[in-house]
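Atoms within each ligand, like the ligands themselves, are counted from 1 in listed order.
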Amino acid sequence: MVRLYDSQKRILVTGGAGFIGSHLIDRLLAQGHEIICADNLFTGTKRNIEHLLGHPRFEFLRHDVTFPLYVEVDEIYNLACPASPVHYQHDPVQTTKTSVLGAINMLGLAKRLKCKIFQASTSEVYGDPLVHPQPESYWGSVNPIGPRACYDEGKRCAETLFFDYHRMHRTEIKVVRLFNTYGPRMHHADGRVVSNFVVQALKGEPITIYGDGSQTRSFCYVDDVVDGCIRLMETGPEVTGPVNLGNPQEFTIRQLAQSVMAIVGRSADIVFKDLPQDDPRQRQPDAALAERLLHWQPSVSLQQGLEHTVDYFRIRLAELGIPAG
Ligand code: NAD
Ligand code: UDP
Ligand code: UDP
């Protein structure tokens, strides 16, 4: 174990150059901790962490979690994994390897160091859910051979590994199931619905709705998600999860399109495209456990969160030289 002073810890964040990971690192650094960020920059970018390069308590390691990693830390947050359907279906075998081999390596590290390890799991473990809203006790409805399976089954297997290391080796685990998260530093071309709609609206392009737009999602702002993750990590060893983290407010994709257009201040055309295979029809977290265990509730409304996201993308598109319409 590495001991720094007082409550300062050395923390490994895998996937730390990604959207959620980079916000988590900002928060942990602000709490005074020392951070090692391990990321292979598959979907993350140095842009997300460039403000930290040179920070005395921050270190970046270009590393692929499918390979072993030997470092000395007090805590591990395992977030490494592409999260958008476009990205995770780009190389599905690598996606499964990242979830499964990445979990084995990070659990092996946690076992050797006898340290706490956090896993960013997902509402995708519920698949196209037959129970609504989804409590943690629901086992899910996942197509194991479809195009989303590399991600869904990879994350399910990672959960299995976490609980087996916990049972076999007493490894202290913290498993969170994140629902759709959005905010600044999403990749502008990751194909996710919030980034797509905001970028399309800013560029004055038609908004692409897949299917008829009646499918639902529950969108949680990234600051709320990070707050919940840290709260879970700080619980005692008896708390393993899985715990849902997500905003119980549910919206149709059509409603999301209307909200984005209203905030950007223009009414774009809407084009309807085919619904991707196995696209879940509905998704809403039962967030009662997070509220009870972590005293956590989302505090940022969709309106406020979208405003911050639109502000971010205005600047980001200008940086990239992409003209707004
Ligand atoms: P992201 O793609 O922005 O970040 C993932 C990071 O992992 C990237 O920086 C990427 O380069 C890195 N990575 C991918 N494969 C790797 C590998 N083999 N080795 C090392 N690094 C690797 O995605 P995100 O939205 O920030 O998601 C972070 C985590 O949260 C993921 O595990 C994701 O499954 C989970 N999650 C996200 C959401 C969401 O809505 N954003 C929802 C549920 C779960
Ligand atoms: N591992 C790692 N860093 C460590 C310890 C282990 O990356 O500090 C990897 C190691 O490569 C191994 C995996 O974690 O493949 C699982 O480790 P564990 O000790 O559970 O299993 P074993 O080594 O017996 O396969
Ligand atoms: N979606 C859409 N238009 C887009 C991108 C996505 O209508 O340009 C839909 C997609 O079919 C899904 C929902 O929005 O029903 C959320 O998609 P996303 O890829 O963001 O996340 P996930 O499906 O993993 O929840």
Ligand-side contact atoms (ligand 3) for residue partner Thr208, heavy atom cut-off under 4.0 Å: 2 (C), 3 (N), 4 (C), 7 (O), 8 (O)
SB check Arg10 Glu75 (cutoff 4.0 Å): no
Residue part near ligand 3, for Arg217, under 4.0 Å between non-hydrogen atoms: side chain
Which segment of Val193 sits under 4.0 Å of ligand 3 when only heavy atoms are counted: both
Amino acids in close contact with ligand 2, where any non-hydrogen atom sits under 4.0 angstrom away: Pro68, Leu69, Tyr70, Ile104, Asn105, Gly108, Leu109, Lys111, Arg112, Tyr165
Pair Lys174 + Glu172, salt bridge at N-O below 4.0 Å: yes
Ligand 3 versus Pro276: contacting region, heavy-atom distance under 4.0 Å: side chain
Residue portion contacting ligand 3 (non-hydrogen atoms closer than 4.0 Å) for Val86: neither
With Glu124, the side chain to side chain donor-acceptor pair (under 3.5 Å) member among Arg156, Lys155, Arg148, Arg177: Arg148
Atoms of ligand 3 close to Asn180 [distance to a heavy atom under 4.0 angstrom, numbered from 1]: 21 (O), 22 (P), 25 (O)
Are there any protein N or O atoms under 3.5 Å from the N or O atoms of ligand 1? List them with distances, or say none.
| from | atom 1 | to | atom 2 | distance (Å) |
| --- | --- | --- | --- | --- |
| ligand 1 | 2 (O) | Thr43 | OG1 | 2.6 |
| ligand 1 | 3 (O) | Phe19 | N | 2.9 |
| ligand 1 | 7 (O) | Cys81 | N | 3.3 |
| ligand 1 | 9 (O) | Gly18 | N | 3.0 |
| ligand 1 | 9 (O) | Asp39 | OD1 | 3.3 |
| ligand 1 | 9 (O) | Asp39 | OD2 | 2.5 |
| ligand 1 | 9 (O) | Gly44 | N | 3.2 |
| ligand 1 | 11 (O) | Asp39 | OD1 | 2.7 |
| ligand 1 | 11 (O) | Phe42 | N | 2.9 |
| ligand 1 | 11 (O) | Thr43 | N | 3.0 |
| ligand 1 | 11 (O) | Gly44 | N | 2.9 |
| ligand 1 | 13 (N) | Asn40 | OD1 | 3.4 |
| ligand 1 | 18 (N) | Asp64 | OD1 | 3.0 |
| ligand 1 | 18 (N) | Thr98 | OG1 | 3.0 |
| ligand 1 | 19 (N) | Val65 | N | 2.9 |
| ligand 1 | 21 (N) | Asn40 | N | 3.3 |
| ligand 1 | 21 (N) | Asn40 | OD1 | 3.3 |
| ligand 1 | 25 (O) | Arg192 | NH1 | 3.1 |
| ligand 1 | 25 (O) | Arg192 | NH2 | 3.2 |
| ligand 1 | 26 (O) | Phe19 | N | 3.3 |
| ligand 1 | 26 (O) | Ile20 | N | 2.8 |
| ligand 1 | 32 (O) | Leu79 | O | 2.9 |
| ligand 1 | 32 (O) | Lys155 | NZ | 2.8 |
| ligand 1 | 34 (O) | Tyr151 | OH | 2.6 |
| ligand 1 | 34 (O) | Lys155 | NZ | 3.0 |
| ligand 1 | 40 (O) | Thr181 | N | 2.8 |
| ligand 1 | 41 (N) | Arg192 | NH1 | 2.7 |

Within reach of ligand 3, part of Gln215 (heavy-atom separation under 4.0 Å): side chain
Short side-chain to backbone donor-acceptor contact, Lys116 and Met233, under 3.5 Å: yes
Atom indices of ligand 3 within 4.0 angstrom of Arg192 heavy atoms, with elements: 19 (O), 20 (O)
